[in-house]
Amino acid sequence: TSMYGGKDPVAAAQSTQDKHAAEKVVEIPREVALAETIRKAEEAADQAARAGKLSEAISLYASVLAKAPRSQPVARIREKALKVALSMNPPPPVSEEAKRHLVRAEAFVKLAKDQEGLRHAVEELEEALGLAPWWDRAYYNLGLIQEKTGDPQAAAQSLKRYLLAAPYAANAAAVKK
């Protein structure tokens with residue numbers, strides 16, 4: 001008996017390819033369903049914001065960001081959540097889980113020996129911002145790290161959001177440069 005269970009190696013490879021192709025076909029409807037779920041949740045958040053239910057809107061936007069995989073465009077949703085949060089007085093609190101992600105990001109930066117360590121920090125900050133998309137400190141740190149990883153466009157976008165979140169920050173003029 002061969003290592004292919006008695007099958008011809010070419011037939012075994014074809015069977016494996018067919019299986020992977022079938023798995024990809026199943027992935028497409030899942031992605032469509034997820035996109036639809038995200039769209040509906042974003043609409044509900046938009047409606048809550050228009051109705052003045054700001055805490056509910058923030059919660060819904062955060063849930064959209066938590067569901068959205070990295071492949072989904074979340075910039076628009078982050079900015080909506082940020083604008084709603086800025087209209088709240090006081091602004092919504094930052095969750096302990098978001099704070100833990102920031103602490104992990106800071107640890108990755110301190111321990112980083114290469115770009116990979118910095119990429120881990122970026123991932124942690126993106127997780128934090130998925131939970132608290134109004135958090136100025138996370139945007140600021142993310143922008144600085146993105147700059148170090150050689151992604152000036154992403155850094156500029158993060159720092160722009162930092163300035164939206166903290167327009168009167170002591171370092172606002174320096175960040176604008």
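When reading the values below, keep in mind they use all heavy atoms of this one structure, side chains included, and skip hydrogens, waters and symmetry mates. Just so you know, these numbers come straight off a predicted model, no measurement behind them. Residue numbers count from 1 along this sequence.
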**OP:** Could you give me the CA-CA distance, side-chain angles and deciding distance for Tyr139 and Leu129, then say whether side chain to side chain contact (heavy atoms under 4.5 Å, CB included) is met?
**Re:** CA-CA 8 Å; Tyr139 282 118; Leu129 288 165; 3.6 Å; yes
**OP:** Over all heavy atoms of both residues, which pair between Val64 and Ala41 is shortest? Give the atoms and the distance, please.
**Re:** CG2-CB, 3.3 Å
Subject >> Nearest atoms (heavy-atom pairs only) where Ala165 meets Leu86 >> reply: O-CD2, 3.7 Å
Original post:
Would you say Leu60 and Val84 are hydrophobically clustered, going by side-chain heavy atoms of ILVMFWY under 4.5 Å?
Top reply: no
Distance-only donor-acceptor hits, side chain of residues 44-59, under 3.5 Å, sequence neighbours excluded:
residue: Asp46; atom: OD1; partner: Tyr61; partner atom: OH; Å: 2.4
residue: Asp46; atom: OD1; partner: Lys80; partner atom: NZ; Å: 3.3
residue: Asp46; atom: OD2; partner: Lys80; partner atom: NZ; Å: 2.9

**OP:** Find out if a path of hydrophobic residues (ILVMFWY) with successive side-chain heavy-atom gaps under 4.5 Å connects Val103 to Ile145.
**Re:** no
Subject >> Note: Glu96-Lys99 ion pair, threshold 4.0 Å (strictly below) >> reply: yes
Original post:
How far apart are the C-alpha atoms of Arg104 and Glu127, what are their side-chain angles, what is the distance that settles it, and do they pass the salt bridge (charged side-chain N to carboxylate O under 4.0 Å, His left out) test?
Top reply: CA-CA 11 Å; Arg104 282 196 290 270; Glu127 290 292 328; over 6 Å; no
**OP:** With rounding to the nearest 0.5 Å, note down the distance linking OG in Ser95 to CH2 in Trp135.
**Re:** 8.0 Å
**OP:** Look only at the side chain of Trp134 and the backbone of Pro91, and say whether a donor-acceptor pair between them is shorter than 3.5 Å.
**Re:** no
Subject >> His120: partners by ring pair (Phe, Tyr, Trp, His ring centres under 6.0 Å), with sequence neighbours left out >> reply: Phe108
Subject >> Common cluster, Leu131/Leu164, ILVMFWY with side-chain heavy-atom separation under 4.5 Å >> reply: no
Original post:
Do you know the tightest heavy-atom contact between Leu102 and Ala138?
Top reply: CD1-CA, 4.2 Å
Original post:
Do Ile38 and Ile77 come close enough that some side-chain heavy atom pair is under 4.5 Å?
Top reply: yes
Subject >> Tyr162: partners by ring pair (Phe, Tyr, Trp, His ring centres under 6.0 Å), with sequence neighbours left out >> reply: Tyr140
**OP:** For Arg39, check side chain to side chain donor-acceptor pair (under 3.5 Å) against everything at least two apart and list the hits.
**Re:** Glu36, Glu43
Subject >> Contacts of type salt bridge (charged side-chain N to carboxylate O under 4.0 Å, His left out), residue Arg78, not counting sequence neighbours >> reply: none
Original post:
Which heavy-atom pair separates Gly143 from Ala155 by the least distance, and what is that distance?
Top reply: O-CB, 3.3 Å
**OP:** With rounding to the nearest 0.5 Å, note down the distance linking CG in Leu144 to CG in Leu118.
**Re:** 11.5 Å
**OP:** With sequence neighbours excluded, give me every side-chain hydrogen bond (donor to acceptor under 3.5 Å, both in side chains) pair touching residues 148-158.
**Re:** Glu79-Gln157, Gln146-Ser158
